[in-house]
Amino acid sequence: MLRTHTCGELRLSDVNKKVVLAGWVDRIRDLGGVKFVMLRDRYGQTQIVLSRNFDLDLKRESVVRVEGVVRERPKDTVNRELATGEIEVFAERVEVLSAPEKDLPFYPGEPNLPSEDVRLKYRYIDLRRKEMMDRIITRHRVAQAVRQYLSALGFIEVETPFLTKSTPEGARDFLVPSRLKPGTFYALPQSPQLFKQLLMVGGLDRYFQIVRCFRDEDLRADRQPEFTQIDIEMSFVTREDVLETVEGMVRYVFKQVLDVDLPEKFDRLSYQYCMDTYGSDKPDRRIGMEFVNLTEYFRNSDYNVVKNIVENGGVVKGFVVNNFASKMSRKVAEEFETIVKKNGLGGILWFALDNEMKGSALKHLKNIYDEVSKAIRIQHGDVCLMVAGKPAEVNAALGELRKAIGDTHFAHMKAGFDVFWVLDFPMFEYSEEEGRYVAQHHPFTMPNLEDLERYKDGDLSKIRAQSYDLVINGYEVGSGSIRIHNRDLQREVFRLMRLSEEEIKIKFGFLLEAFQYGAPPHGGIALGLDRLVAIICNVSSIREVIAFPKTATGVCPLTGAPDVVSEQQLRELKIRITGGNGT
RNA sequence: GGGGACGUGGUGCAGCCUGGUUUAGCAUGCCGGUCUGUCACACCGGUGGUCGCGGGUUCAAAUCCCGUCGUCCCCGCCA
């Protein structure tokens, strides 16, 4: 080794030791007769003292090797902020291993951050920042905890192919042209879904993999074209078995990484309950504001707008915003109105209990508001926001309203961790685009068999799936299901999705064939590692926990990918470009 | 595919609404100098910008208009 110690480990007990450190020059405090150099590596920082007889042109971010003696700092110069703050290394020899040839676009030691595209273009500099470095290390610790926990339970990590077959249904695939079979393409996996099921057919019994997945869809703060899943599959299990396994694992991760104790058992909410209560299938419950159905109070209203909606099967629902009366200005009401109208509703109703009641359409609704106030025990200073319309639209509109209010006014309530399961998602949802029902989770999900019998010839949207989502702080962190392991049932589900025999055979023939040869009941889940780590690190974008992420247009500012390729490469693949201009 | 915000020395921002006393300002970095106990060292001096790009309006554009590119956020999309 070019060093005897790291920059984070020297303490008072090391005083008088002769040591060699290596690292980056974080900053230099030149006092004329003496220079203090902060030497930085992954492990921390150590102050190096250069006496006046060093004639050395040292630049920030140079990589240097320092030989010297550990000294106790004078009592009044101890730095309590620094783990190594009680000592310093008095340099005897300094060797510059690599000096920057020009000024850096930014310095890791500066408190002010440049914009994100600058950080991404020079990610190797960004990674030198403690904050960034710590997040990457946290990610590693999460992955390690997962591996430890699952391995101890007998799970086997198995690698599945990246060059695989395009799976229809679901996201757009990234394609990879085959040179040996020109005109054909591999697809990068959206997830190892079918392979892990085949591993169950293969008797692996308990599988996991921390695996990259690829989806060619538009990006978001929590979505990258390549992302990492903690992929899990188990044989001979019920839904409850999977949930308990994941609860144990997530608890273990939080304990190991953050020393946080999550509940022994996570809450289990039905999909319908979530939609009715929060207007979202992944609500952040920390901000409260649960919906209340107030339809009955408005049934006999003389306010025709609402009365008509209720008479035509509509509902009136609302929620209470605590201590919001003083903020409930006309402008704020208009903002809320805009959100609600985007969701196809006429507008909002609201009232607040200030010194006296204020609100919308008070002339018509004062009496009703009085009743509602009592029923929901509204306090002085609270605001009650309500909308009227078709149930699904009301949920959606209130859900968006609730989220917006939470983000802009109650962000301070988003502390700690709110972890729970959402169960019983609908098996199918109608796709306007395709004019048929498609699987809400994926087509290998085991439907609720009673529901299937009852609705397979009727309203498919009423069939529930044996699926589950893990929600943390308003993010969908995991999603899974008990799978179909029976060929006939799988065909039935494909049939309900109006896939032709031909399509089924081409797309999923190998899975159905596998099921012919003895398939165990099985189920599993995939957790988004990026999202999980982002939540643990308390950052709002998964880019902050990925070493080399892409921008919103899928570009890597560091490498310049994606880019054009040579004519030669295209010729080998027998590919001709017919559009685009490479920019 | 749609909506919104942003783009000004290396970096972060102000100026733009209301065009001209602006020779584009501040902070930070960088360079030089002084300084032996600093820790975001301090102080003094200096360096650095075709105001993303293209077009238009105007006597005059960083500022107004149109287009375009880039970044971020959101809707659609993401089984």
Side-chain angles (χ1 to χ4, degrees), chain A residues 26-39 45-53 57 59-61 71 73-82 84-85 88 90 100 102-122 125-126 167-173 190-191 193-194 213-225 227 338-339 342-343 396 400 403-404 407 425-429 431-434 437-445 465 467 476 479-481 493 497 507-508 526 528 540-541 543 550-553 555 557 583:
Chain A
D26 192 68
R27 53 175 65 239
I28 304 164
R29 291 182 285 273
D30 183 353
L31 272 63
V34 63
K35 285 191 182 99
F36 297 99
V37 174
M38 294 312 296
L39 196 65
Q45 297 198 17
T46 301
Q47 175 162 283
I48 310 294
V49 184
L50 295 185
S51 68
R52 64 150 39 97
N53 40 18
D57 182 28
K59 282 184 183 323
R60 279 175 92 176
E61 295 308 309
R71 288 199 322 201
R73 289 197 193 191
K75 279 281 172 283
D76 56 334
T77 64
V78 165
N79 187 345
R80 302 272 166 219
E81 311 270 288
L82 213 58
T84 61
E88 61 197 5
F90 189 78
K102 50 182 181 179
D103 295 344
L104 277 69
F106 63 102
Y107 287 81
E110 293 297 313
N112 300 327
L113 266 187
S115 64
E116 196 178 356
D117 39 326
V118 175
R119 289 174 55 205
L120 292 186
K121 181 166 183 189
Y122 303 98
I125 298 174
D126 195 32
T167 53
E169 301 294 310
R172 194 176 293 113
D173 286 315
Q190 299 173 22
S191 87
Q193 182 60 38
L194 295 174
C213 301
F214 306 86
R215 293 179 190 175
D216 188 7
E217 297 292 346
D218 287 5
L219 287 76
R220 285 282 196 290
D222 61 350
R223 276 161 35 190
Q224 285 270 305
F227 61 100
T338 310
I339 291 173
K342 261 197 312 194
N343 282 276
E400 207 174 310
K403 194 165 189 299
D407 288 344
F425 281 79
M427 179 74 197
F428 301 105
E429 62 190 357
S431 164
E432 294 288 343
E433 195 182 325
E434 299 188 47
Y437 278 93
V438 298
Q440 204 266 2
H441 181 59
H442 58 54
F444 320 109
T445 302
S467 63
E476 181 200 313
S479 189
S481 61
V493 167
M497 292 167 57
K507 295 169 178 172
F508 307 111
S540 55
S541 162
R543 291 188 301 273
K550 293 177 177 58
T551 68
T553 48
V555 168
T583 57

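Owing to the predicted nature of the structure, the values given are computational and were not obtained by experimental measurement.
The residue among A:E110 and A:D57 whose nearest nucleotide of RNA chain B is located toward the 5' end is A:E110. Take the nearest nucleotide of RNA chain B for A:V34 and for A:P443: the residue whose nucleotide is more 5' is A:V34.
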Hey, can you pull the donor-acceptor pairs under 3.5 Å for the side chains in residues 218-225 of chain A, sequence neighbours left out?
from: A:R223; atom 1: NH2; to: A:D218; atom 2: O; distance (Å): 2.8
from: A:Q224; atom 1: OE1; to: A:K550; atom 2: N; distance (Å): 2.8
from: A:Q224; atom 1: NE2; to: A:K550; atom 2: O; distance (Å): 2.8

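Taking the P atom of each, B:C6 and B:G45 are spaced 36 Å apart, rounded to whole Å. Using atom C1' as the reference point in both B:G1 and B:A62, the two lie 32 Å apart (nearest Å). Rounded to the nearest Å, the gap between the P atom of B:C13 and that of B:G56 is 31 Å. Comparing B:G55 with B:G49, their P atoms sit 22 Å apart, to the nearest whole Å.
One interatomic measurement links the two molecules: CD1 of A:I48 to C1' of B:G37, which rounds to 15 Å at whole-angstrom precision. Going from atom CE of A:M38 over to atom C1' of B:C39 covers 7 Å, rounded to whole Å.
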Anything under 3.5 Å between a protein N or O and an N or O of nucleotides 7-11 of chain B, put it in a table, one pair a line.
from: B:G10; atom 1: O2'; to: A:P105; atom 2: O; distance (Å): 3.2
from: B:U11; atom 1: O4'; to: A:P105; atom 2: O; distance (Å): 3.3

Please list, pair by pair, any protein nitrogen or oxygen found under 3.5 Å from a nitrogen or oxygen in nucleotides 46-54 of chain B.
none

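When Watson-Crick and G-U wobble pairs are counted only if both distances are under 3.5 Å, B:C72 pairs with B:G4. Summarising the base pairing, B:C77 is matched to no nucleotide, lacking a Watson-Crick or G-U wobble pair whose two defining distances lie under 3.5 Å. Across every strand in view, B:C43 sits in a pair with B:G33 that passes the Watson-Crick or G-U test at under 3.5 angstrom. Nucleotide B:G20 forms a Watson-Crick or G-U wobble pair with B:C59, both donor-acceptor distances falling under 3.5 Å. Within the shown strands, B:C13 is the pairing partner of B:G25 under the Watson-Crick or G-U definition, both distances less than 3.5 Å. Nucleotide B:G54: paired with B:C66 (Watson-Crick or G-U wobble, both distances less than 3.5 Å).
Scanning for side chain to side chain contact (heavy atoms under 4.5 Å, CB included) contacts around A:P108 gives A:R40, A:E61, A:I125, A:R128, A:R129, with sequence neighbours left out. Contacts of A:E432 classified as salt bridge (charged side-chain N to carboxylate O under 4.0 Å, His left out), with partners at least two apart in sequence or in another chain: none. Residues that satisfy the side chain to side chain contact (heavy atoms under 4.5 Å, CB included) test with A:N112, not counting sequence neighbours, are absent from this structure. In this structure, A:T338 has no side chain to side chain contact (heavy atoms under 4.5 Å, CB included) partners at least two apart in sequence or on a different chain. Residues forming a salt bridge (charged side-chain N to carboxylate O under 4.0 Å, His left out) with A:E110 (at least two apart in sequence, or on another chain): A:R27, A:R60. Residues passing the ring pair (Phe, Tyr, Trp, His ring centres under 6.0 Å) test with A:F428, sequence neighbours excluded: none. Residues forming a salt bridge (charged side-chain N to carboxylate O under 4.0 Å, His left out) with A:E217 (at least two apart in sequence, or on another chain): A:R172. Partners of A:L82 by side chain to side chain contact (heavy atoms under 4.5 Å, CB included), not counting sequence neighbours, listed by chain and number: A:M38, A:Q45, A:R73, A:N79, A:T84.
When heavy atoms are screened at a 4.0 angstrom cut-off, A:D30 is found touching base atoms of the nucleic acid. Across all strands shown, A:E61 has no heavy atoms under 4.0 Å from either base or sugar-phosphate atoms. Among the heavy atoms of the strands lying under 4.0 Å from A:R52 is at least one base atom, whether or not backbone atoms are also near. A:Q47 comes within 4.0 angstrom of a nucleotide base, judged by non-hydrogen atoms across all strands.
Dashed line: the shortest gap from a side-chain N or O of A:R29 to OP1 or OP2 of B:C41 is under 4.0 Å. The phosphate of B:C31 has OP1 or OP2 within less than 4.0 Å of a side-chain N or O from A:K59.
Applying the 3.5 Å distance criterion, the base of B:G37 shares a donor-acceptor pair with the side chain of A:R71.
Closest approach of A:E476 and A:S479 over heavy atoms only: OE2-CB, 3.5 Å.
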Take nucleotides 71-78 of chain B nucleotide by nucleotide from the 5' end and write B, S or -, depending on whether a protein heavy atom sits under 4.0 Å from the base, only from the sugar-phosphate, or from neither.
-> SSSSBBBB

